[in-house]
Amino acid sequence: MNTLSILRARHLLIAAALAFIALFLVLPLAAVFMAALEKGLEAYAAALVEPDALAAIRLTLLVAAISVPLNIVFGIVAAWSIAKFDFPGKSLLVTFIDLPFSVSPVVAGLIYVLMFGAQGWFGPWLAEHDIQIIFAVPGIVLATVFVTFPFVARELIPLMSEQGRDDEEAALSLGASGLQTFLRVTLPNIRWGLLYGVLLCNARAMGEFGAVSVVSGHLRGLTNTMPLHVEILYNEYNFVAAFAVASLLALLALVTLVLKSIVEWRFAYHRRSAGH
Amino acid sequence: MDIAVNRPPPVPLAPAAPARAHLRNRLQRNRSVIPGFGLTMGLTLAWLSLIVLIPLSTVFIRSAGMGWSEFLAAGFSPRAVAAYRVSFGTAFAAAFVNGVFGLLTAWVLVRYEFPGKRIVNGLVDLPFALPTAVAGIALAAIYAGNGWVGQWFEPLGIQLAYTPIGITLALIFIGLPFIVRSVEPVLEDMSAEVEEAALSLGARPWQVFTRVILPAIMPSLLTGFALAFARGVGEYGSVIFIAGNMPFKSEIAPLLIVTQLEQYDYAGATAIATVMLVASFAVLLLINLIQAWSRGRMQA
Amino acid sequence: MTTFHRLHRFGAAALLASAALLAGCSNKADGDTAAVELLNVSYDPTRELYAAINPVFAADWQEKTGQAVRITMSHGGSGKQARAVIDGLSADVVTLALAYDIDAIADRSNGKLPENWQSRLPHNSAPYTSTIVFLVRAGNPKQISDWDDLIKPGVSVITPNPKTSGGARWNFLAAWAYAKAHGNGSDAAAQDFVRKLYANVPVLDSGARGSTTTFAERGIGDVLLAWENEAFLAQQELGQGKFDIVVPSISILAEPPVAVVNGNARRHDTEKLAEAYLSFLYTPQAQEIIARNHYRPVDETVAEKYASTFPSLTLVTINNDFGGWRAAQQRFFSDGGVFDTIYSRPRR
């Protein structure tokens, strides 16, 4: 094997990967931004400061601010119980945690309608006490929590399994309490993986469309999240505004990219300094 | 475990009985040392039940209310079976394409340096963040006969959008991050030295790939494949704009659920949902079992 | 530890920022609590119409009663919207695409509105009507003038899926009505006609606006079957001079009905307001807005004024020619109905 052909193979591989990425990721992204900026920056900005758009942005942030922390806590707790202990049925439990990935968004919305809708299990009781869950913010939060359920746990379980329990056992044998061990030993070990999981979870929480669409009720300015607002604008033939709001969501993904790069850089730095 | 012993093992395996004793030791030891199993497991099960299991059970209970023959009629009508074929077929094709190109992307991102690498790395997560409906509209615009890509295929008589090809294209977009993000960490952990050693011993690059790299990343590749596949089967928002939705040809199963709901037929809708759920669950469980088994083999 | 602390601080800052945003949000919402809320749950093509009517009604109401009113709109596919109301979306009024969807609410929501809802307001509770016309590409290159041109080989027709779209059901029934009026008028002949028609449909979108986009933006198809109001709107919004409207010899009178959802309105104490809102739709003032938004007004004076905009053609009605929506839905669009037989098995 001479180095020249290896180098050529390397370039070939890079080119193939980049072509694939360009075709499937860059092109749609470019299409979104092109459509958003078709009528200039002014129309773009106008679409984003319009009251209904602002309401949608606020609602999306609110929903993410509630559902992401919930999933952080769950993710850590679940990963702790699954990665640090052995018990029968572990694969089954992990599969249940994976399940929301595979449930059709249509069904993910439907299940909450079947639970909390007027004709659902708790419908009559909720109506009696005048509590609105679906077609209101709680329903949107529930659907979002469901859809983003696996992200943090899925990120942490392999990481914590790989790290094993030696560090924790050492800390415990030195007299640290369980909580101290978690805060001082486990958390620093998993924090970058955790942060990465949180970023993904957040991105998905803001971008979810299908499930939220079922439980939102589409009340303009009240229960429309950003993705739903995009659909409404699109259906109004207001393509510039629709793609402007969509591009904002894409920008969020790009911010995620920056944060993640920082995370990775810190991670590498952390590893290096730990090595010395 | 039995399968592990039957296969020719690459490394000598410890006999089963001592391994079991070892496991028992570990179990007993961690029960006494690491705290919080009861608490965290309890919380996990409670939260899982509350958010996922109990809500999902409504689907089963609703469809169970219709009786076996009605369930079969609704869940396995010719139209539904055709829709499953479209949904599962395109999801499989998309996961397969992603398996090849996602692996390639992960490999390039981990092993090589090139300008703009960080941007590419960040772009991989885009399908998670972009609302599926937006993705669907953008993809339809690109791949339609008058779109950036579609116009080059139109003269050849190949229609991309509004055919099963269009569905597959949308699902490739949706599933890509699952594969890349599953494989990436494992590739990162594998040192390049092993490959270099194999190469210096005279192995061909292809042999290194199939004998050294592929076995090591297979479990994670399978996980990514399963997640991308399962997600693709249920996907609605991005597909609906590009699918064409022709019965028996490009009609996906989630659309059929919507169709049933549109007729206020909740039982029929939940019957189709049940079939899809069970199938996806089986695929995921199988993959997780393979993973657990391979991890157990590695630890032993 | 320092990095961990920094992480901590970052989280706290993010939390504070979002809290501040939320506080801003709630302050704004509290601004005009004095206004009465009215929720109008409607279907897709009425966005522009109610965006124009609502402020006029609100001003009118305030003038008459001194009460400020804020009308919230919800738009979506007609069936999906009806389902949301059944499942607890607390609409004060519904303004949907077809009576069948409001019937469904009456049937399934434990008496939130009476079964005879449609006889409570004039004109079958439809303050505006429309019909189904053809939208073709500029200059009408395929020479499409009537329904029988749609079944010719090589003509590509865009229409949404009747199983998921209310508008598409009107399209189907209009085609059926044409087939019944021509040839020998038998059901078998009509069935054959619609089968040929749908064989020319390359894409079945799930909703009417999806079809319009497929036709106008993606450039697919030679003719779009559309509501008259949607055809006008598409012409206006998606490119002046790019499309022509063709009026067929026969079509169907589409009556999008409106109703107060009494159960909800009573609970919100908005029954009077809701009734006034729907009655307002019949006033000459509202009828003018309706006509300007390309719906056919039911008020005769206004209709006369806009007679040149809306060509006259033979219109069949759902009640006279199809025995009402319940019967039509059952016969044509339920599982195993006429529409399904068109698509039974791909190759035979």
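Chain letters run A, B, ... following the sequence lines, proteins first and then strands; every chain starts at 1.
C/L204 is listed as a side-chain neighbour of B/P247, based on a closest heavy-atom distance under 4.5 Å. In this structure, the side chains of C/Y343 and B/E251 stay at 4.5 Å or more apart for every pair of heavy atoms.
The minimum heavy-atom distance between C/S206 and B/I240, with the atom names listed, is OG-CG1, 4.2 Å. Taking both residues in full, the closest heavy atoms of C/R169 and B/E262 are given as NH2-CG, 4.1 Å, listed atom of the first, atom of the second, then distance.
By the 4.0 Å N-to-carboxylate-O rule, B/R79 lies close enough to C/D340 to be salt-bridged with it.
The interface of residues 80-96 of chain B with chain C, defined by heavy-atom distances below 4.5 Å, is empty.
When heavy atoms are compared at a cutoff of 4.5 Å, B/Y143 does not approach chain C at all. The parts of C/D101 that come within reach of chain B are both its backbone and its side chain, each placing non-hydrogen atoms under 4.5 angstrom from that chain.
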Take B/L261 and C/R83 through the side-chain contact (heavy atoms from CB on, under 4.5 Å) test and state the conclusion after the steps.
-> CA-CA 8 Å; B/L261 289 177; C/R83 219 161 55 241; 3.6 Å; yes
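Between the CZ atom in B/F241 and the OG1 atom in C/T214 there is a gap of 9.5 Å [rounded to 0.5 Å]. In this structure, CD1 in C/I86 is found 6.0 Å from OH in B/Y266, a value given to the nearest 0.5 Å. Atoms CG and OH, from C/D107 and B/Y264 in turn, are 9.5 Å apart once rounded to the nearest 0.5 Å.
With sequence neighbours left out, the side-chain hydrogen bond (donor to acceptor under 3.5 Å, both in side chains) criterion links B/N146 to no other residue.
Ranked by heavy-atom pairs shorter than 4.5 Å toward chain B, the options C/Q329, C/K163, C/R218 are led by C/R218.
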